[in-house]
Asker: 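Can you read through this structure? Questions will come right after.
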Protein chains: 2
Amino acid sequence: MTQTTAAPNQITETTESASAQQNTANAGGKAKGKRRGAKPVVAKQLGGAIRQRNEERILRAAAEVFASAGYKGTSVQAIADKVELPKANILYYFKSKAGLYTAVLNDILEMWNQGFDERAIEREPADVIREYILAKMRYSRTRPQESKIFATEIIHGAPVIRDAIDLPMVGWTKQKASVIQAWVAQGKMRAIEPLYLLFMIWGTTQFYADFDSEITMIKGRALSDEEFSKAEDFVVETVLRGLALI
Amino acid sequence: MTQTTAAPNQITETTESASAQQNTANAGGKAKGKRRGAKPVVAKQLGGAIRQRNEERILRAAAEVFASAGYKGTSVQAIADKVELPKANILYYFKSKAGLYTAVLNDILEMWNQGFDERAIEREPADVIREYILAKMRYSRTRPQESKIFATEIIHGAPVIRDAIDLPMVGWTKQKASVIQAWVAQGKMRAIEPLYLLFMIWGTTQFYADFDSEITMIKGRALSDEEFSKAEDFVVETVLRGLALI
DNA sequence: ATAAAACACGACCAAGTGGTCAGGTTTTTG
DNA sequence: CAAAAACCTGACCACTTGGTCGTGTTTTAT
């Protein structure tokens with residue numbers, strides 16, 4: 001549950017359309033120096049309190065719209081409507097739609113390197129894997145929007161985050177895979193290819209976030225907390241049994 | 001592997017933007033009568049051979065672009081470029097982008113009701129589930145585009161196919177769930193909630209199609225046929241063990 | 001208090017979009 | 001072979017979109 005790798009991945013904008021792209025958006029809250037016309041002479045440090053607050057509100061609204069409509073399907077106006085600010089104002093904080101999108105993705109990536117415990121290799125596989133599955137399931141439950149944005153990005157080939165996640169992602173995965181591999185070598189679980197186990201966990205847990213509309217369609221309503229909890233149990237137990245861990 | 005339900009679901013276009021929408025696109029190949037100006041007096045039956053051929057080519061190209069760029073991200077011009085036909089020509093066959101999209105989705109849905117064998121309930125759970133998983137895995141392998149289009153649709157709340165799949169999907173699912181339920185009742189497998197098993201299978205198998213770019217990123221290349229085959233084995237074995245079926 | 005920086009926003013624009021249409025050419029039909 | 005249907009396509013248009021700009025207002029620092 002605790003972090004393993006500190007991932008300082010920061011997505012830098014890629015010029016995507018024909019328009020001029022000058023500098024990067026201010027993600028998380030750390031505002032950067034900007035020079036347009038002859039406005040600020042000295043680089044400011046953190047942006048006013050107003051900026052802080054508005055950037056947060058905009059980010060939240062943007063995530064909502066991006067999640068439900070996709071990048072292209074999202075108009076800056078739609079975000080503006082949601083935060084109840086004029087469009088020009090949101091472009092004042094984030095110089096471009098692309099910048100806003102990368103800012104949202106940066107926020108998401110920060111939560112993405114959740115991995116195995118640092119001492120995972122010394123612990124019982126069943127415990128580590130159980131915790132990992134539960135963490136992923138809860139993420140799907142509490143942050144479906146972020147999950148959807150991420151999924152859509154990947155499905156479309158990760159045009160925006162590719163460079164930012166490429167190395168870190170490979171690192172995280174290799175690390176997790178090697179832990180699993182070690183367990184196998186120690187005879188603690190049946191011989192499997194670690195990658196396919198990770199895929200199964202990712203695919204299954206993401207499903208609950210990304211396909212919630214399908215689930216709702218099928219059940220006639222969304223999963224209750226109890227049902228979701230049962231689903232968690234099912235996934236954990238099935239995977240552990242599947243690995244001959246229980 | 002064989003069909004269980006004959007699903008005559010046909011997506012009917014929903015007016016989506018402000019423009020006038022007259023009639024539905026000609027999917028699969030069955031062309032419909034159309035009346036614009038004073039052209040065709042008698043309803044034609046199947047469309048000329050030229051039409052047949054061009055519709056197929058367009059459909060194929062459209063699927064490619066839709067899969068990689070999403071609905072909104074796809075311009076009719078992009079499809080036109082891919083088939084090397086002028087834009088106006090593709091709009092001649094499919095009256096609208098939305099029509100083309102629904103045509104593509106109709107094609108996809110035709111393959112979607114793959115389910116358990118009709119006599120599944122009398123067969124061994126392990127066999128039926130193994131076959132089902134393999135079928136889904138193979139679909140992911142051979143038709144990743146379709147899988148991606150479908151996934152993106154669902155993630156965004158299925159705005160287009162909702163009405164078309166709502167009932168059938170609920171039906172298919174209920175049917176499969178009841179078979180599983182029966183197995184449980186017969187003590188043939190451990191007591192589980194069927195839905196969560198289906199979700200696990202869907203999520204895992206879809207992952208291989210939708211997240212292939214991530215897989216490629218991690219491995220440095222795409223999965224080879226051998227590796228994919230190992231993945232199939234892993235999924236089958238893990239699920240079957242997970243259900244206490246082997 | 002006052003200057004400077006930060007914030008707010010209506011009006012505007014260039015580019016790209018889906019879709020139409022008129023008039024042509026080719027194919028099919030009788 | 002001629003008429004009708006089917007096919008083809010460049011030109012065009014209405015509309016949406018991301019993004020800019022000028023100017024006005026509020027906040028902050030000195």
Side-chain angles (χ1 to χ4, degrees), chain A residues 13 15-23 25-26 31 33-55 57-58 62 65 69 71-81 83-101, chain B residues 13 15-23 25-26 31 33-55 58 62 69 71-81 83-101:
Chain A
E13 257 179 75
T15 308
E16 172 245 15
S17 51
S19 47
Q21 215 88 31
Q22 310 174 354
N23 47 23
N26 319 330
K34 44 174 69 174
R35 55 206 73 262
R36 200 218 293 171
K39 292 267 200 60
V41 180
V42 218
K44 66 176 156 31
Q45 297 290 30
L46 253 171
I50 301 177
R51 176 175 213 99
Q52 181 98 14
R53 176 169 172 278
N54 279 342
E55 278 184 357
R57 291 180 55 211
I58 294 171
V65 186
Y71 177 74
K72 284 275 189 176
T74 295
S75 69
V76 177
Q77 187 60 60
I79 299 172
D81 290 349
V83 262
E84 288 178 298
L85 284 178
K87 189 181 71 166
N89 202 355
I90 109 162
L91 261 328
Y92 164 74
Y93 287 109
F94 301 86
K95 282 150 317 326
S96 70
K97 181 185 169 185
L100 184 45
Y101 184 63
Chain B
E13 258 179 76
T15 308
E16 173 246 15
S17 52
S19 46
Q21 217 86 31
Q22 311 174 354
N23 47 24
N26 319 328
K34 43 173 71 175
R35 56 205 69 261
R36 200 219 292 170
K39 292 265 201 60
V41 180
V42 217
K44 67 179 155 27
Q45 297 289 30
L46 253 171
I50 301 178
R51 175 174 215 100
Q52 179 100 11
R53 176 168 172 279
N54 279 342
E55 278 183 357
I58 293 171
Y71 177 73
K72 284 275 189 175
T74 295
S75 69
V76 177
Q77 186 60 59
I79 299 171
D81 290 348
V83 265
E84 289 178 296
L85 283 179
K87 189 181 72 165
N89 201 355
I90 108 164
L91 261 329
Y92 164 74
Y93 287 109
F94 300 86
K95 287 149 317 325
S96 69
K97 181 184 167 185
L100 183 44
Y101 185 63

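Please read these numbers as outputs of a predicted model, since none were measured by experiment. Numbers restart at 1 for each chain; the letters A, B, ... are given by sequence-line order, proteins then strands.
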Asker: In whole Å, I'd like the distance from the CG atom of B/Leu100 to the P atom of C/dG18.
Answerer: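 Taking CG of B/Leu100 and P of C/dG18, I get 11 Å after rounding.
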Asker: For B/Asn89 and D/dG10, give me the distance from atom CG to atom C1', rounded to whole Å.
Answerer: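 Rounding to the nearest Å, CG of B/Asn89 and C1' of D/dG10 are 12 Å apart.
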Asker: Taking all heavy atoms of A/Pro86 and all of A/Ala80, pick out the closest pair and write down the distance.
Answerer: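 Closest approach of A/Pro86 to A/Ala80, heavy atoms only: C-CB, 4.1 Å.
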Asker: Less than 4.0 angstrom between a side-chain N/O of A/Asn54 and OP1 or OP2 of C/dA8, yes or no?
Answerer: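 Affirmative; the distance criterion is met.
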Asker: OH of B/Tyr92 to CD1 of B/Ile58: how many Å apart, nearest 0.5 Å?
Answerer: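 It comes to 10.5 Å.
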Asker: Please tell me which of the listed nucleotides, C/dT20, D/dG18, D/dT9, lies nearest to the side chain of B/Leu91?
Answerer: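 Minimum distance to the B/Leu91 side chain belongs to C/dT20.
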Asker: What I'd like to find out is whether the side chain of A/Asn89 reaches to under 4.5 Å of the side chain of A/Tyr93, using heavy atoms alone.
Answerer: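 Yes, close enough: below the 4.5 Å cut-off.
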Asker: Let me know the distance between NZ of B/Lys95 and P of C/dT20, rounded to the nearest Å.
Answerer: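 Interatomic distance, NZ of B/Lys95 to P of C/dT20: 9 Å.
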Asker: Would you mind telling me which of C/dA8, D/dT9, C/dG18 lies closest to the side-chain atoms of B/Leu85?
Answerer: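 Nearest nucleotide to the side chain: D/dT9.
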Asker: Hey, is the side chain of A/Arg51 poking within less than 4.0 Å of OP1 or OP2 on C/dA6, counting only N and O atoms?
Answerer: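 Result: no.
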Asker: Starting at atom CD of B/Glu84, determine the distance to atom P of D/dT9, rounded to an integer number of angstrom.
Answerer: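 The answer, rounded to whole Å, is 12 Å.
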Asker: D/dC21, D/dC8, D/dT17: which one has an atom nearest the side-chain heavy atoms of B/Ile50?
Answerer: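 Looking only at heavy atoms from C-beta outward on B/Ile50, the closest nucleotide is D/dC8.
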Asker: Starting from P on C/dT17, measure out to CD1 on B/Ile90 and report it in whole angstrom.
Answerer: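 Atom CD1 in B/Ile90 sits about 13 Å away from atom P in C/dT17.
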Asker: Give a yes/no on whether any side-chain N or O of B/Tyr92 is located under 4.0 angstrom from OP1 or OP2 of D/dC7.
Answerer: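 Indeed, a polar side-chain atom of B/Tyr92 lies that close.
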Asker: Which atoms form the tightest heavy-atom contact between B/Ile90 and B/Leu100, and what is the distance?
Answerer: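 Nearest pair, atom of B/Ile90 first, then B/Leu100: CD1-CD2, 3.9 Å.
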Asker: Send over the distance from B/Lys97 NZ to D/dC15 C1', rounded to a whole Å.
Answerer: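 Distance, rounded to whole Å: 14 Å.
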Asker: Any donor-acceptor pair, under 3.5 Å, between the side chain of B/Lys87 and the base of C/dG19, if you only look at N and O atoms?
Answerer: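 Yes, a donor-acceptor pair under 3.5 Å.
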Asker: Side chain of A/Ala88 only, heavy atoms from C-beta on: which candidate in C/dG10, C/dT20, D/dG19 is closest?
Answerer: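 Among the listed nucleotides, the one closest to the side chain of A/Ala88 is C/dG10.
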Asker: Side chains of A/Lys72 and B/Tyr71, heavy atoms from C-beta outward: is any pair under 4.5 Å?
Answerer: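 Contact flag for A/Lys72/B/Tyr71 side chains = no.
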Asker: Of the nucleotides D/dT20, C/dC9, C/dA8, which has the atom closest to the A/Pro86 side chain?
Answerer: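 Taking heavy atoms from C-beta onward, the closest nucleotide is C/dC9.
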Asker: Measure the distance from CZ on A/Phe94 to C1' on C/dA8 and round it to the nearest whole Å.
Answerer: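 After rounding, the gap between these two atoms is 16 Å.
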Asker: Rounding to an integer number of Å, can you tell me how far A/Lys72 NZ sits from D/dT16 P?
Answerer: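 Rounded to whole Å, this separation is 17 Å.
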Asker: Side chain of B/Tyr93 only, please: which of D/dC8, C/dC21, C/dA8 is the nearest?
Answerer: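 That would be D/dC8.
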